[in-house]
Amino acid sequence: MSAEKDLARAAWLNEADTKSVMEALVSGGGTARFVGGCVRNALLGENVVDIDIATTEPPERTQALLEAKGIKVVPTGIAHGTVTAVTPSRHFEITTLRVDVATDGRRADVAFTGDWLEDAKRRDFTINALYCDADGTLHDPLGGRDDLKARRIRFIGDAHRRIREDYLRILRFFRFHAWYGKGEPDAESLRACAEEREGLRQLSGERVRDELMKIAKADAAGAAFRQMAASGILAIVLPEASRLDRFEKLVAIEAEQLFVADADPVLRLGAMLDLDEAGVKALAERLRLSNKDRDRLTAMLTDRTKIVCYLSMREVRRALYLMGRDLFKDRVSLGWAEDRPGHNTFQWRALLAMADSWQKPELPLTGDMIKAAGVPEGPEIGRVRKEVEEWWVDSDFIDDEFSIIERLKAVVQATVY
Ligand code: ATP
Ligand code: MG
């Protein structure tokens, strides 16, 4: 099937919201084309989420044309020529054709242009400089289609020069190779990435984090991180990654055993690390991780509950109750990745399945019941409850109310008020 047919049939291209955005953009006489990930992924038959559009209209006019058709616009990066059209089904990032006139390794001063070839040349890789019209007609000014067929990730122009304009392109190279490349990464590009690696230090934590997470999610993430380590890049962006062995095993397990459609990058990141609480805190500050992700990493790396593949049902219920489902699953995943490859697969899988079907039992003991047993109002209520709860967990969550009341009475009698 021809590229045009693939593109013309893509679901996102034929959605009503996509059509109204494209119609609005050309309603003032300008031109608009899809570009980047949506075109690339449509040609590969892969899922498309974000839609990027390039237009000859300057950003303020883009905004006005969209608003005139009742489409909501957020001026996300208007100085760089980008506005976001927000529709019920999707977001569209719309960028005016531009050239980078001055760069400092992190960001660029831009000038708008009417020249499609100039716009293509400022992009990073040939496979990301593919454009298509609203009807699916492909525009391929730099040979991206052939590179995509060969699954070859190639810098546009001189790799060294392109990296010095924006060092994030080093990490983007590994990301796009991990997601869309085949075989070994292009040797010349890889060498340029390695030689320019010191420049990575000037990037913000957020940008590095986002790329690392996207690389970590790829099916080929294991190889990508190995290549980054071998070229001295990982030592700069993630020197804490001392457990690539465990990371690679986890990625393999997820691919072979669990068929994960959407890998969890935080779990994968945790698998690479061997850190205490202070170590996670420092990492989280540098990469600007959310508090939620930081706490999850701390818990999975420091929790010492005994997790082995041969836990009994009773031990599983106890661990789930004390740890909560999420931490239990994280620890099981890490434990599985520590095990010898191919061993105890059935047991590890069963532990994850048990966690998924587990429902947290509730101790049937109210504050009123504790008061009725003679405990005065105040902190004592909580202490007594906790003591009964500990016994109840040890009893494997007995649900016989009579036994629980008996235990409550025994606890109260042992205390002098
Ligand atoms: P996806 O959205 O699937 O992650 P994408 O290719 O759409 O992939 P974006 O980060 O959304 O990537 O960027 C859209 C396009 O903008 C890219 O395809 C590329 O052409 C260009 N681009 C983005 N970031 C850079 C960069 N740092 N240097 C050069 N070009 C870039
Ligand atoms: Mg995109």
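For ligands, and for the atoms within them, numbers begin at 1 and follow the listed sequence.
Annotation for ligand 1: atoms under 4.0 Å from non-hydrogen atoms of Arg40 are 1 (P), 3 (O), 5 (P), 6 (O), 8 (O). Interface atoms of ligand 1 facing Asp52, defined by a heavy-atom separation under 4.0 Å, are 7 (O), 11 (O), 14 (C).
Among protein heavy atoms, the minimum distance from atom 2 (O) of ligand 1 is reached at Asp50 OD2, 4.1 Å. In terms of protein heavy-atom proximity, atom 15 (C) of ligand 1 is closest to Arg123 NH1, 3.7 Å. Nearest protein neighbour of atom 27 (N) of ligand 1, counting heavy atoms only, is Asp166 OD2, 2.9 Å.
Taking backbone and side-chain atoms together, Glu93 has no N/O/S atom less than 2.8 Å away from the Mg ion (ligand 2).
Glu188 has no carboxylate O lying under 4.0 Å from a charged side-chain N of Arg191, or vice versa, which leaves the two without a salt bridge. We find that Glu277 and Lys281 are not joined by a salt bridge, their nearest charged nitrogen and carboxylate oxygen being 4.0 Å or further apart. Of the charged side-chain nitrogens involved, none lies within less than 4.0 Å of a carboxylate oxygen, so that Lys149 and Asp147 do not count as a salt-bridged pair. A salt bridge links Arg268 to Glu254: one of the charged nitrogens lies within less than 4.0 Å of a carboxylate oxygen. No salt bridge links Asp146 with Arg152; every basic N to acidic carboxylate O contact stays at or beyond 4.0 Å.
The shortest separation from a heavy atom of Arg122 to ligand 1 is under 4.0 Å, placing the residue in contact.
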Quiz item: Please walk me through it: do Trp358 and Phe328 pass ring pair (Phe, Tyr, Trp, His ring centres under 6.0 Å)?
Solution: CA-CA 11 Å; Trp358 176 73; Phe328 178 85; 8.4 Å; no

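For ligand 1, the polar-atom distance check finds no N/O of Gly36 at less than 3.5 Å from any of the ligand's N/O atoms. The distance criterion of under 3.5 Å between nitrogen or oxygen atoms is met by Asp124 with respect to ligand 1.
Taking the six-membered ring for Trp and thresholds of 30 and 60 degrees, Phe173 and Phe125 have ring planes inclined between 30 and 60 degrees apart.
With a 4.0 Å cut-off on non-hydrogen atoms, Asn128 touches ligand 1 through its backbone as well as its side chain. When non-hydrogen atoms are compared, ligand 1 lies under 4.0 Å from the side chain of Arg172 (C-beta onward) but not from its backbone.
Of all the listed residues (Arg169, Arg175, Arg162), Arg175 holds the heavy atom that lies closest to atom 4 (O) of ligand 1.
Nearest to the Mg ion (ligand 2), among the N, O or S atoms that Asp52 has, is OD2.
Counting heavy atoms from C-beta outward, Trp392 and Phe397 have side chains that approach closer than 4.5 Å. With contacts defined as side-chain heavy-atom distances shorter than 4.5 Å, the pair Met300/Arg296 qualifies.
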